[in-house]
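Reviewing the structure listed below.
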Amino acid sequence: MLDIELIRKDPERAKRALSKKDPSLEDLIEQILELDKDRRALVSQSQELRAKRNSLSKIASNDLSAREQVLALKSELEKLESELSKLEPRLRKLLLSVPNVPASSVPYGKSEEDNLELRRYKEPPRFDFEPKPHWEIGVSLGIFDFERASKVSGSRFVYLTGLGARLERALINFMLDLNIQKGYKEVLPPHLVKPEILEGTGQLPKFEEELYSCERDNLYLIPTAEVPLTALYMDETLDEKDLPIALTAYTPCYRREAGSYGKDIRGLIRQHQFSKVEIVKITTPETSYEELENITKDAESILQALEIPYRVVALSTGDLGFSSAKTYDIELWLPSQGRYREVSSCSNCEDFQARRLRIKIKNHKTRFAHTLNGSALAVGRTLCAILENFQQKDGSVIIPKALQPYFGLERLS
RNA sequence: GGCGAGGUGCCGGAGUGGUCGAACGGGGCGGUCUCGAAAAUCGCUGUGGGUCUUUGUGGCUCACCGGGGGUUCGAAUCCCUCCCUCGCCGCCA
């Protein structure tokens, strides 16, 4: 959530910044300004009445006429208050649907076409045979079972079996251990959260269709561990000397993938449920951009340890997520697709989420924290990359050295 | 799921209709004392909003004692409802 104070003070600047993300947002700002004006007028009026009422009440114990005056004030007040109670949720909802403003260092652009490649690690491998897509490798190795998954749960689900399940588990442990070594505190968070939490991190109110909900209990399945990790310190004021707070968690992620019907229908790339190891940092405004570089490097170091080719791109203004002020995506190489695919997204949300979640920090003065999050890493896609990049002519797959202690075998065959 | 107890400021804990933004204690911050520290002692110490502004760690004002609603001239205090925490019983990985 943006600070309404800033919108009020310099609406044109807010519009200019937001229209880099989405030009249609200018109207939204206009509406917000309008409602905010109305709201303040109503608040002032009702406050005046209340002040009058309070002073009359003080003498009312032995003054019957004061009592009558108060009754008159009361009906006026009720009118104002009912107007306010209609207006305030509307204003709030509008404000909650305004995305974060891009940082000035974010490259301008309309879509992912305009993302800026920053660096690459390792050449894509060359094969002296036709490399297979991961789903073919996995099925023939007997470690993926898509058919039975669709019988049981429908499309975009998979059973990992035998060494497939073990490989996934090895990756999770490997990633968590690396993160822990770097100072992240391991957390195992709840996988079901309240709507207000998703509102806090920015998934709601705009992206309801993306979420699985348990209506009876008014809870949602998390689409990423970012949600419960970032919300861990909701409604708290943290001491600045305890910053940065660095958290890591493995969780499954649940996404409905509405609106991506045709995309990535085969394989593990786009599933309704996937494993991810996430990192989150809570910092001061002064250090958050430095920390964005840090979490990106931390995520990259996992791919380096696994020897998987990747590149890092800076998202353009038009491709930035709702809550993010600046994002680096890490994309790994998939030989069967001949292109890079996202495996991590590292974002600085500045105080956008902290304001929604009321996470404050304090040394002399109190202010909102900055929050960052990054995947380190998406496990399923990493698993795909291992199968595809390290596949052999005979259909076996070499396991990267660093992972072997976790997996227990040098080769998958 | 059933019954019982309870939710008050940074913490503990009073307060059962007006003078309560809230006693008292602890903590924190500042002063005195001290070579210094401790002890003692004095003072200060919530958040959010509106408005004014000679923009000052400013004035005035409103709201907030788990959330929402109600009674009343007036609610932390009474009533309804929801949520949460703790205890016991039941069920259960």
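A, B, ... follow the sequence lines: proteins, then strands. Residue 1 opens every chain.
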Any chance you could list the contact pattern along nucleotides 63-71 of chain B? Use B for base contacts, S for sugar-phosphate-only contacts and - for none, protein heavy atoms under 4.0 Å, 5' to 3'.
S--------
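- A/R255 and A/P223 make their closest contact through NE-O, 2.9 Å (heavy atoms, listed as atom of the first residue, atom of the second, distance).
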N/O donor-acceptor pairs under 3.5 Å from side chains in residues 181-196 of chain A, not counting sequence neighbours:
residue	atom	partner	partner atom	Å
A/K182	NZ	A/D298	O	3.4
A/K182	NZ	A/S301	OG	2.4
A/Y184	OH	A/D298	OD2	2.7

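- For the side chain to side chain donor-acceptor pair (under 3.5 Å) criterion with A/D264, the lone passing option out of A/R156, A/R270, A/Q271, A/Q337 is A/R270.
- A salt bridge does not link A/R341 with A/E331: every distance from a Lys NZ or Arg NE/NH1/NH2 to an Asp or Glu carboxylate oxygen is 4.0 Å or more.
- Nucleotides B/rG26 and B/rU45 have their C1' atoms positioned 14 Å apart, rounded to a whole Å.
- B/rG7 sits 13 Å from B/rG67 when the P atoms are compared, rounded to a whole Å.
- A/K58 has its NZ atom 11 Å from the P atom of B/rC20, to the nearest Å.
- Counting to the nearest Å, the C1' atom of B/rG48 and the CZ atom of A/R358 are 11 Å from each other.
- With P as the reference atom, B/rG13 and B/rC20 are 23 Å apart, rounded to whole Å.
- Under the 6.0 Å distance and 45° angle rule, A/R311 does not count as a cation-pi partner of A/Y121.
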Intermediate values then yes/no, side chain to side chain donor-acceptor pair (under 3.5 Å), A/D329 and A/S345:
CA-CA 4 Å; A/D329 271 8; A/S345 194; 2.8 Å; yes
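- By the 30° and 60° cut-offs, the orientation of the rings of A/H272 relative to A/F157 is tilted.
- Rounded to whole Å, the separation between the C1' atoms of B/rU77 and B/rU72 comes to 13 Å.
- Rounded to whole Å, atom C1' of B/rU55 lies 12 Å from atom NZ of A/K9.
- Taking a pair as Watson-Crick or G-U with both hydrogen-bonding distances under 3.5 Å, the stems of three or more pairs touching RNA chain B are B:1-7 with B:83-89, B:10-12 with B:24-26, B:27-32 with B:40-45, B:46-52 with B:58-64, B:66-70 with B:78-82.
- One interatomic measurement links the two molecules: CG of A/L42 to P of B/rC62, which rounds to 18 Å at whole-angstrom precision.
- Rounded to whole angstrom, the span from the CZ atom of A/R355 across to the C1' atom of B/rG48 amounts to 14 Å.
- Rounded to a whole Å, the NZ atom of A/K362 is 13 Å from the P atom of B/rU45.
- When rounded to the nearest whole Å, the span between CZ of A/R40 and C1' of B/rC62 equals 16 Å.
- Per the geometry, CG belonging to A/L49 stands 13 Å off C1' belonging to B/rU61, to the nearest Å.
- In this model, the phosphate group of B/rG48 is approached by a side-chain N or O of A/K360 to a distance below 4.0 Å at OP1 or OP2.
- A distance of 6.0 Å or more separates the ring centres of A/Y340 and A/Y310.
- Atom P of B/rG69 sits at a distance of 14 Å from the matching atom of B/rA75, rounded to the whole Å.
- Positionally, the nearest nucleotide of RNA chain B for A/A41 lies more toward the 5' end than for the other of A/A41 and A/A51.
- Classification of A/R381 and A/E388 as a salt-bridged pair fails, no side-chain N sitting under 4.0 Å from a carboxylate O.
- In this structure, the nucleotide among B/rU61, B/rC73, B/rG50 sitting nearest to the side chain of A/R39 is B/rG50.
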